[in-house]
Amino acid sequence: MTSDTRARLETIERDPAFHEFVARRRRFAWLLSSLMLIIYFGFIAAVAFAPQSLGQRVGDGVTSIGILVGLFVIVSAFLLVALYVWRANTSFDQSMHAITERSR
């Protein structure tokens, strides 16, 4: 790493906007992680404590409520990842770009 690059990184790390950016990104990541854990462990708790409810069939077919809830868990994981990627590619990238431009 060149001394110019090292100096620029030190400038960025001292920037209060960078610290706010890191805190904002971390809060958002923890929020999404918490949501996913609540959804997942909620499903596991339902399997453990209410298996008869999840075993009920939907309509006349073989699909049960448990299958639909499991599908919701999987889809919610994809949606939460998509939400993070969207926010990272818009808000977070713009913020980081502004911070790095100020360090020049």
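When the side chains of ILVMFWY residues are joined at heavy-atom separations under 4.5 Å, either directly or via intervening members, F41 and F43 end up in a single hydrophobic cluster. Cluster annotation: L32 is not connected to V81 through the hydrophobic network of ILVMFWY side chains, with a link wherever side-chain heavy atoms come within less than 4.5 Å. In the hydrophobic cluster analysis, where Ile, Leu, Val, Met, Phe, Trp and Tyr join through side-chain heavy atoms closer than 4.5 angstrom, W86 is grouped together with L35. Both L80 and F72 belong to a common hydrophobic cluster when Ile, Leu, Val, Met, Phe, Trp and Tyr are linked at side-chain heavy-atom distances under 4.5 angstrom.
For the atom pair CG of L37 and CD1 of I44, the computed distance is 11.5 Å after rounding to the nearest 0.5 Å. The CD1 atom of I12 lies 7.5 Å from the CZ atom of F18; values are rounded to the nearest 0.5 Å. We find the CD1-NE2 distance between I99 and H19 to be 9.5 Å, quoted to the nearest 0.5 Å. Residue I38 holds its CD1 atom at 11.5 Å from OG of S76, rounded to the nearest 0.5 Å. For the atom pair CD1 of I74 and CD1 of I39, the computed distance is 12.0 Å after rounding to the nearest 0.5 Å. Taken from CG in L54 to CG in L68, the straight-line distance is 10.0 Å, to the nearest 0.5 Å.
For the side chain to side chain donor-acceptor pair (under 3.5 Å) condition, the pairs that include at least one residue of residues 6-18, sequence neighbours left out, are R8-S103, D15-R102.
The backbone N or O of R87 lies less than 3.5 Å from no partner atom in the side chain of S91, so there is not a single donor-acceptor pair.
Within 6.0 Å of CD1 on I67 lie no more than 12 heavy atoms contributed by other residues, nucleotides or ligands.
For the pair L79/Y84, no side-chain contact is recorded, criterion being any heavy-atom separation below 4.5 Å from C-beta on. The side-chain heavy atoms of Q52 and Q56, taken from C-beta on, include no pair separated by under 4.5 Å. Side chains of S95 and E20 form no contact here, defined as non-hydrogen atoms less than 4.5 Å apart.
By the 30° and 60° cut-offs, the orientation of the rings of F92 relative to F21 is perpendicular.
The side chain to side chain contact (heavy atoms under 4.5 Å, CB included) search around S34 returns none, not counting sequence neighbours.
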